[in-house]
Amino acid sequence: MPRTKSALRKVVTNFSEHEPIRVVPLSQLQVQQAVTVNLTYRGGALIEAAKVFAIYWGRSWENDADARDLSAAMNQFFTDILVSSLMDQLSEYSVSGKTIGHGSFIGSQVITTDAPARSVTDSRIQTALQNWISSGTAPENDKDTIYFVFLEQGVVSVMGGSRSCQSYCGYHNNVGNIYYAVMPYPGCGGCLGGLAVLDALTATSSHELCEAITDPVPGAGWYDDTQGEIGDICAWQFKQVAGYTVQLEWSNMQNKCV
Ligand SMILES: [Zn+2]
């Protein structure tokens, strides 16, 4: 049975009709009812051995001790999670000629130049990311690179007419063949979901990581027209992997969140 219109769908309809679903919704919008899901592969890019590069944009990532600790913890999270069972479970989304496996954390950079003061749009992120790559501030991308852009506390992300902490907690996207995720600082109840800051950030980052791997160009990889990507279906359901709080992801094979 198709499920009825839910809070999640209401949020999703804030985005343009043509925008694929690619966000972590707020925790209070979590969908509780059983869902009917069958993601299908749309023939586009998949990431086989993710190479994550983290960008911490803003002065507080340098100046504030708590922010520095948080960025160090996130770097360790990527180091550990990219070789964990969380990657193994994505292998069911391998297709002929594209095998999803373990990845690696390839480094990080604090960037203070032109850091947003209050908000930052997705198009500004795209321009900045292209500039960082061309200037050598961030490494060149290849088919497996995913840039994670972390915003500092107090900076709101704006995407598709929606804002972080009002309708979402993070998203991933592409500009051409450059794949990236944007992770606002979880500074509101809707994006903390009762978790500590680090746990909220590892949870939402795991969501975006798994989606960026299985659907790097949103809607062109593994996707369900109603439910979206593999993380969307299981938003705000957690487990522990390698000592970190991560989100459950949809398994087509097991027909449930795992
Ligand atoms: Zn998502």
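Each ligand, and each atom within it, is numbered from 1 in the order the structure gives.
Using a 4.5 Å heavy-atom cutoff, the side chains of Asp215 and Ile230 are not in contact.
Remark: Lys143 pairs with Glu48 by the salt bridge (Lys or Arg N to Asp or Glu O under 4.0 Å) rule, at least two apart or across chains. With sequence neighbours excluded, the residues that form a ring-ring contact (aromatic ring centres under 6.0 Å, His included) with Tyr171 are Tyr168.
Protein contacts to the Zn ion (ligand 1) involving N, O or S atoms at a distance below 2.8 Å are His207 NE2, Glu211 OE1, Glu211 OE2, Asp232 OD1.
Sulfur-sulfur distance for Cys191 and Cys169: below 2.5 Å, consistent with a disulfide.
The 12-atom threshold is exceeded at CZ of Arg68, counting heavy atoms of other residues, nucleotides or ligands nearer than 6.0 Å.
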Could you list the donor-acceptor pairs under 3.5 angstrom formed between side-chain atoms of residues 192-205 and any protein atom two or more places apart in sequence or on another chain?
from   : atom 1 : to     : atom 2 : distance (Å)
Thr202 : OG1    : Leu198 : O      : 3.3
Thr202 : OG1    : Asp199 : O      : 3.1
Thr202 : OG1    : Thr245 : O      : 2.7
Thr204 : OG1    : Ala200 : O      : 3.0
Thr204 : OG1    : Leu201 : O      : 3.4
Ser205 : OG     : Leu201 : O      : 2.7

